[in-house]
Every structure is written in C-alpha cells, then in structure tokens.
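As the structure is a prediction and not an experimental result, all values here were calculated from the model. As a basis for the values below, the full set of heavy atoms in this structure was taken, side chains included, without hydrogen atoms, waters or symmetry mates.
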Amino acid sequence: MDKKNLFLGLLLLGTAFWGISFPVTKMAIGGYSQSTFLFYRFFLATISISLFFSKQLKNIDSSAIKAGIGLAIPLTFGIHFQTTGVKLTSASQCAFVAGMCVVIIPVLKTLFYKSKVELKIWLAAILALVGLATISITKNFSVNIGDVYTLIGAFGFAFYLIRVEQYSAKRNIVPSLVPMFACSTLIMCVLSVFDNSANWYPQSPGFWSGIGFCAIFSTAYMYSVSNISQKYISAEKVAIIYLFEPVFAAIAAFFILDESLSWRLLLGGAFILIATLISEVKFKRGLNVLAN
C-alpha cells in the first residue's frame, strides 16, 4: 500500500472520530463553558502529541514554532466557533453545516490566493447554500444562531486546511504539531480566564470522558494525520473525505443523544453532500474556467 492510500484510510478513520465527537462534545459540555472544555482538550492533545512524536521534539526550531502559531490561529478560531455552535443546535445539524468547509476552500483560494475556479465550483457553492438555508432557516425566516456560529467556524477550518497544504509543500510539518497544539492551548487558556461562565473543575464524569475522547482521537490523532497527509493529498481531496463526517455524526447522535433526523436536515444535508461531490468530480469534457 502506497502512502497516499494509507493516509486516505487513516483519514477516513479519523473522520469517524470527528463525527462521533459532535454528540460527545454536546453531551460533555452541557451547561459548562466551551472555553474550559477546549482548553483541557488542547492541553491533553499537546501532551499526547509530545509523547507520540517525542523524537521530533529536537527538530522544533523557530520556523517550526512560527508555522505552528500560523496554523493554531485559524484552527482554534474554527473549533471554538464550532463548539459554540454544537452547544446551541443539534449535533447532527452542526456537522452538516460544518461540511460547508469543503465548498468554502476553493472559493477562498480564488479570493485570497488568486487561484482559478471552475464553473462546477460555483454550482457546488450555490447548491451548498441552498442546503444550508434548508437546514438553518426556520418557518419564521429566522436563522438558528448555532448554525451561524458553526458556519463561521467552517471558514476558520477552511483557512486552516489551506495553510496546512501550503506549509506541507515547503517543509516537514511534524515538528510544527506540538507548537500548534501548545499555542491553541494558550489561546483557549486566555479566553477561559476572561470567560465569566468558566468552570475549571466540573464534577461531571461525562465532561472529563468527553475531553479524553476528543483530545486523543478527534484532536491529537486526526489533526496529526490530516496535517501529515496533506504532503501527499491536496486540501480539496482531504476535505472531500470529511464528507463522511456528518454521516458519522448523525448516526452517533442518533444512538448517543437519541436525536431524530428531520426532513429539513436530510434534504439540506443531501444538497450539501451533492455540492461537495460536484466540487470534486472531474468531468471528462471539463467545464469552463472562470478567471479571477
């Protein structure tokens, strides 16, 4: 098995962990502050990564630290808003909205990195927006605030994946992992200090078990595999694997939280899934390319 196929398999497994983390996070934080939850999550992830890549610690230099900080900012931004979103909406719905990241990536590349975008990407973006509207807009034409937070977080993740692709093309990204998680821990520590609702020592066993699962499996494991894999796989192709994330999340939410799947969630999710597929399919005859 070549490295590309190996990392595709590892990414798929990690995507399952990510999907499961939505209901696990919602169940863990309950009425607690998401700031302290994320602080402990990143702190444990930093320790786990340091132990796993202990031989790489000697390779951490100033450039690795700078790269880690550059990745930590959009990562922490994205996961903070997403965690806020999952607290205010259903876990399955949050996962589908987070899937917008797949379509956001090529659009951001066009706007900020002067890339050319194919006509199919614009079609995918329109379909994804239709799906998002179907899921988020209520009968009174009001928008679920949890979905808004999740969508903002999706932009953070999109920037994060693009930057990982750029760094991976230039250098070995492994030495940057520990500084990245350490910086995320520091950011969340500062936010927790200024969070009036922060509870540093929750007495809920579910809170701590949620941190353990999310820190080790959906943070340390998944982000490490994701970062390393982008040396062999593009950001768009990594993102398409995340297509399975809301599917795993919906299944896990059904069993863990007893969440039901409404017709609006299924229809809107279908639009988003179709949009992500269109954005990645290579048509034989090709489509016109729109210059920026």
Q) For Cys214, does its backbone N or O pair with a side-chain atom of Ser21 as donor and acceptor, under 3.5 Å? A) no
Q. Do you know the tightest heavy-atom contact between Ala45 and Phe181?
A. CB-CD2, 4.3 Å
Q. Nearest 0.5 Å, what's the CE-CD distance between Met188 and Gln34?
A. 7.5 Å
Q.
Minimum heavy-atom separation for Leu151 and Val97, please, with both atom names.
A. N-CG1, 3.9 Å
Q: Please report the shortest heavy-atom distance between Phe217 and Tyr221, naming the atom on each side.
A: O-CB, 3.2 Å
Q | Plane angle bin for Tyr40 and Phe207 - parallel if under 30°, tilted between 30 and 60°, otherwise perpendicular | A | perpendicular
Q: Could you go through the side-chain contact (heavy atoms from CB on, under 4.5 Å) check for Ile79 and Phe157 one step at a time?
A: CA-CA 8 Å; Ile79 202 168; Phe157 277 119; 4.0 Å; yes
Q. Which distance, rounded to the nearest 0.5 Å, do you find between the CG of Leu88 and the OG1 of Thr83?
A. 11.0 Å
Q) Shared ILVMFWY cluster between Leu44 and Tyr201, side chains joined below 4.5 angstrom? A) yes
(Q) How long is the straight-line distance from CG of Leu161 back to CG of Leu75, given to the nearest 0.5 Å? (A) 9.5 Å
**Q.** Ser204 versus Tyr32, closest heavy-atom pair with distance
**A.** CB-OH, 3.5 Å
**Q.** Inter-residue atom distance Cys183.SG - Ile69.CD1, 0.5 Å rounding
**A.** 5.0 Å
Q. Looking only at atom types and distance, does a side-chain atom of Tyr167 sit under 3.5 Å from a main-chain N or O of Gly68, one as donor and one as acceptor?
A. no
Q. Which of parallel (below 30°), tilted (30 to 60°) and perpendicular (above 60°) describes Phe81 and Phe77?
A. tilted
Q) If you measure only the distance, is there a donor-acceptor pair under 3.5 Å linking the side chains of Thr36 and Ser192? A) no
Q: Evaluate the criterion side-chain contact (heavy atoms from CB on, under 4.5 Å) for residue pair Ile211 and Phe37; output intermediate values, then yes/no.
A: CA-CA 7 Å; Ile211 287 176; Phe37 178 85; 3.6 Å; yes
(Q) Determine whether a donor-acceptor pair (N or O, by modelled atom type, separation under 3.5 Å) exists between the side chain of Thr185 and the backbone of Phe42. (A) yes
Q) Would you say Phe43 has more than 12 foreign heavy atoms packed within less than 6.0 Å of its CZ? A) no
Q.
Is the shortest side-chain heavy-atom distance between Ile49 and Ser224 below 4.5 Å?
A. yes
Q. Linking I/L/V/M/F/W/Y whenever any side-chain heavy atoms sit under 4.5 Å apart, do Trp200 and Leu191 land together?
A. yes
Q.
What I'd like to find out is whether the side chain of Ile60 reaches to under 4.5 Å of the side chain of Pro179, using heavy atoms alone.
A. yes
Q. Counting only N and O atoms by type, is there a donor-acceptor contact under 3.5 Å from the side chain of Trp208 to the main-chain atoms of Pro202?
A. yes
Q: Begin from the C-alpha positions of Thr15 and Met222 and carry the test side-chain contact (heavy atoms from CB on, under 4.5 Å) through to its verdict.
A: CA-CA 8 Å; Thr15 301; Met222 185 52 178; 3.8 Å; yes
Q. Shortest non-hydrogen contact from Ser33 to Ser197?
A. CB-O, 3.5 Å
Q. Is a side-chain N or O of Thr150 found less than 3.5 angstrom from the main chain of Ala98, in a donor-acceptor match?
A. no
Q: Starting from the C-alpha separation in whole Å, work towards a yes-or-no answer on side-chain contact (heavy atoms from CB on, under 4.5 Å) for Phe159 and Ile73.
A: CA-CA 10 Å; Phe159 271 113; Ile73 293 174; over 6 Å; no
Q: Quick one: closest heavy-atom pair of Ile29 and Val86, and the distance?
A: CD1-CG1, 4.5 Å
Q: Kindly work out whether a path of hydrophobic side-chain contacts (I/L/V/M/F/W/Y, heavy atoms less than 4.5 Å apart) joins Ile47 to Phe53.
A: no
Q.
How long is the straight-line distance from CG of Asn196 back to OG of Ser35, given to the nearest 0.5 Å?
A. 10.5 Å
Q: Please round to the nearest 0.5 Å and tell me the distance separating atom CE of Met180 and atom CD1 of Ile173.
A: 7.5 Å
(Q) Within the supplied structure, the quantity of interest is the number of heavy atoms (other residues, nucleotides, ligands) at a distance under 6.0 Å from Phe213 CZ; does it exceed 12? (A) yes
